[in-house]
Amino acid sequence: MKKSALPLKNLCGLEKQKCGKDALVKLLRWHFGYSQYRGKQLEAIESVLSGRDCFCLMPTGGGKSMCYQIPALVKSGIVLVVCPLIALMENQVTALKEKGIAAEFLSSTQTSKVREKIHEDLELGKPSLRLLYVTPELIATPGFMLRLTKIHSRGLLNLIAIDEAHCISSWGHDFRPSYRKLSSLRNCLPNVPILALTATAVPKVQMDVMESLCLHNPLVLKSSFNRPNIYYEVRYKDLLEDPYADLGNLFKSCGNVCAIIYCLERSTCDDLATHLSKIGINCAAYHAGLNNKLRSSVLDDWISSKTKVVVATVAFGMGIDRKDVRIVCHYNVPKSMESFYQESGRAGRDQLPCRSVLYYGMDDRRKMEFILSKAESKKLQSSSLPDGHTKKSLVDFRMMVEYCEEAKCRRKKILESFGEEVPATLCGKSCDTCKHPDVVTKCLEELTSSCAFRSRSGTSQIYINSSPSLILENQYSEFWDRDDGENGSEDDISDADDDIDVVKTLTRSSLPSKRTLNDKIEVLQRAEERYYQDKNHEKQKNKLDKNAISETLRGSSKQRLLNALKQSQQRLEKLEINLEMSAAFLENECFKKFGKTGKSFYLSQMASIMRWLPTANEMELSSRLSAMTDPAASSTEQIGISSSASPLVDQVSYDISNENMYCSVESNTPTTLESNLSDTKLPPIPSFSDYMKNKKAKGSQLSPSENLSPSAMQKNRDKRARYQ
Ligand SMILES: Nc1ncnc2c1ncn2[C@@H]1O[C@H](COP(=O)(O)OP(=O)(O)OP(=O)(O)O)[C@@H](O)[C@H]1O
Ligand SMILES: [Mg+2]
């Protein structure tokens, strides 16, 4: 039920713009129904109300949002909240509106009419809005900054709150380049207090956040990271008969509780959800591979308790405020302690007892190490980060491995990883190692002995012998290119599972786990050999099927284009286009040209368009789309790809993944794809006719060009050898 606003004038001395403690408690009760402030909430609120910057570190579920929501109710004017996720903004705005609090968010997902209405309100002498949620990308646009400065100059900008502030630090676990742009806020909007909030920041990240946001003499509030109501536990997959069955039994024994199970890959989410449903557990899968509609309905059903268990990639979580999650399970080991803390922290936000259960497996560990080293080498190549960042993610992951592989208090390990000193008695038997030390020690001994042989040959042979040479060196995949600063993505901060899908290409283990690791690796190696032996044969056989462009694929391509166009429209304020029609037009052009040649080329072209859109200016976009009404133009040239712009590609091979695009492009010129792009502003893939001409000239067999560098030729030879 909506509540009318509390007559603030009676509570607060508006002239002095101050609020006493009692008045602030009344506001909390009236609007949110809570009787008292938690932890350091009140101190944070008082700090920003007095005009002082504040850095607030509170545990997951600690109630950080309240620290900016209450100040918004104290006096008229706006509190600007910067959030990394549209879903997060939507959730909070909906919840606030239900409480009768005037809040809105601005994002590309809204219609221009809705956005215009919000802008109109902001231009009023006394806006009705109290909280305005925006993404960091929007802050970076000059148009929006101008609007903010106008509001500021009218004395109406009361506070800037930066939620999930650790995203600004490249030392943090969820670094978002777009957050970097927030450092201009202090200069552009002087004297507005800034409140930085986070649940996960090691001391180095804390300093970085405060410096990057140019906080002046901030009040630094740090609460313990400890989540006393969570019982921590690790289960060892390699020692379990059947991890799926174990997980099923766990859920059955806990009753019909609300839970989240995190998996590394989308396919595991689907498999596991199917398995759990079969044994009567009310669950659904959630990942970035599902369309928006399905994702929202899974989320809605889970929020409303129609579905009890969600089996998800990390795309699920940030900003989801369901209080009564009783179990958070990790079916694969997370990439860092910070991620683990954030994800497991979604349990027990009601402060009641709950569990974190992590299933740890040696395969998962090696898989993650492989993924992280791949990401590190990419970072190193692009030199996008300063020295010292390299290997950081592997070092972070090491903590996670230690958490699982040491027979020490799990809680202590978590807290110490955040730099907190922990008294020996803190845990009070609320983790498996403290409660059952003998059992855990025995498990670890068994695990170590089963792994002993491996130490003779070093790390996993599977990765050393095969996949890295194929994937690390020879493949160029979109997948590693995700960078919100570049693609302007406002979508999921945690769409990291896209990255993870590279491992789909690797042999997947679903072996009975009581076997020794030795057996497992042998089986994996055999499977891997078979995989490569079958590869050529299979490639021929499935070529047609694999290459078909389904209606679903076309639908999702249109949706991607629509999202990208929305972002372009937001970026280029004068751009007037019909978004739906434009998306359909661009997709159709792509389909017309590549429909017959197959999915690989179609996907490559789609990817090129997606890269081109965020770089195109108004004129380029309008002229490209003018072909919609000019059939002659549209038939001669496709968007962003002119045959003359073809970057002389010698070998284009498409393989391995059927869902995600894996386009391996090797150029015979030293020109990089990026430099082509910046020169011409055109997507850097060859036109199909060029490719065919090239191919015909060399016979039907794909062969390396004479112009290829010796190392590239060697790589190609190696690659083919593996396929024979
Ligand atoms: N003083 C309070 N008393 C009781 N409940 C509170 C109080 N303050 C906040 N809450 C509730 O605690 C829950 C968690 O709050 P919130 O979402 O702000 O946490 P958070 O610190 O932002 O967590 P995260 O790091 O996961 O984003 C919410 O349901 C909120 O309504
Ligand atoms: Mg929060």
Side-chain angles (χ1 to χ4, degrees), residues 3 21-22 24-46 48 54-73 79 81-99 101 103 105 131 133 135 161-167 172-174 179 195-201 205-206 209 221-227 229-230 258 260 262 303 314 316-325 328 338-352 354 356 414 418 493-494:
K3 284 181 185 160
K21 186 181 165 199
D22 290 348
L24 291 174
V25 173
K26 275 187 191 163
L27 276 180
L28 178 74
R29 277 199 200 134
W30 179 260
H31 288 282
F32 297 95
Y34 300 131
S35 56
Q36 53 188 335
Y37 285 102
R38 260 195 208 156
K40 313 239 168 176
Q41 281 178 332
L42 191 60
E43 284 163 88
I45 293 166
E46 285 175 337
V48 295
C54 179
F55 175 84
C56 186
L57 188 70
M58 266 190 205
T60 47
K64 289 182 284 297
S65 324
M66 206 60 86
C67 302
Y68 51 80
Q69 288 171 348
I70 291 285
L73 300 167
V79 168
V81 186
V82 182
C83 259
L85 275 180
I86 294 175
L88 183 63
M89 302 197 293
E90 270 176 357
N91 283 352
Q92 289 210 8
V93 167
T94 311
L96 288 168
K97 281 181 170 171
E98 274 168 14
K99 292 179 170 64
I101 298 168
F105 69 95
L131 288 123
Y133 287 75
T135 56
I162 318 284
D163 208 0
E164 312 291 351
H166 58 274
C167 296
H173 63 108
D174 262 332
Y179 258 67
L195 169 65
L197 306 128
T198 176
T200 39
V205 175
Q206 295 166 20
V209 170
L221 297 171
K222 292 188 202 173
S223 313
S224 167
F225 286 93
N226 190 23
R227 293 289 313 272
N229 60 325
I230 305 182
C258 172
I260 308 172
Y262 283 109
I303 297 271
V314 290
F316 185 81
M318 192 188 270
I320 289 167
D321 181 26
R322 189 171 166 161
K323 294 193 184 77
D324 59 342
V325 177
V328 171
E338 285 147 307
S339 307
F340 174 63
Y341 178 77
Q342 282 271 1
E343 286 148 21
S344 59
R346 283 168 198 140
R349 288 160 79 92
D350 53 8
Q351 321 295 316
L352 296 173
C354 56
S356 152
I414 297 173
F418 290 113
I493 188 174
S494 50

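For ligands, and for the atoms within them, numbers begin at 1 and follow the listed sequence. From a predicted model like this one, the values you see are computed outputs, not experimental measurements.
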Answer side chain, backbone, both or neither: which part of Q342 comes under 4.0 Å from ligand 1, heavy atoms only.
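Answer for Q342: neither.
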Report task. For K323, enumerate each residue passing the side-chain hydrogen bond (donor to acceptor under 3.5 Å, both in side chains) test, keeping only those at least two apart in sequence or located in another chain. Result ->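 If we apply the side-chain hydrogen bond (donor to acceptor under 3.5 Å, both in side chains) test to K323, skipping adjacent residues, there are no hits.
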With heavy-atom distances below 4.0 Å as the criterion, list the atoms of ligand 1 near [X].
X    : result
Q36  : 1 (N), 2 (C), 3 (N)
A199 : 25 (O)
Y37  : 1 (N)
M66  : 8 (N), 9 (C)
K323 : 29 (O)

Main chain of [Y], side chain of [X]: is a donor-acceptor contact present, judged purely on distance under 3.5 Å?
X   : Y   : value
Y37 : L24 : yes
K64 : M58 : yes
Q41 : G63 : yes

Mind listing the closest non-hydrogen atom pair of [X] and [Y] along with its distance?
X    : Y    : result
V328 : R346 : CG2-C, 4.2 Å
V81  : L131 : CG2-CD2, 3.9 Å
V48  : C54  : CG1-CB, 4.1 Å

Regarding [atom]: of the candidates [options], which has the closest heavy atom?
atom                    : options             : answer
atom 14 (C) of ligand 1 : A95, C56, G61, S35  : G61
atom 22 (O) of ligand 1 : G62, S223, P59, S65 : S65
atom 26 (O) of ligand 1 : R349, M58, R346     : R349

Below 4.0 Å from any atom of ligand 1, is there a heavy atom belonging to E164?
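It does, in that a heavy atom of E164 comes within the 4.0 Å cut-off of ligand 1.
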- Determine whether any heavy atom of Q92 lies closer than 4.0 Å to an atom of ligand 1.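 Contact absent.
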*asked:* Looking only at distances, can you tell me whether any N or O atom of T60, backbone or side chain, sits closer than 3.5 Å to an N or O atom of ligand 1?
replied: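 N/O-N/O distance under 3.5 Å: no.
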_Applying side-chain contact (heavy atoms from CB on, under 4.5 Å), can you list everything that pairs with T60, at least two apart in sequence or on another chain?_
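Checked T60 against side-chain contact (heavy atoms from CB on, under 4.5 Å); matches are A199, R227, Y341, Q342.
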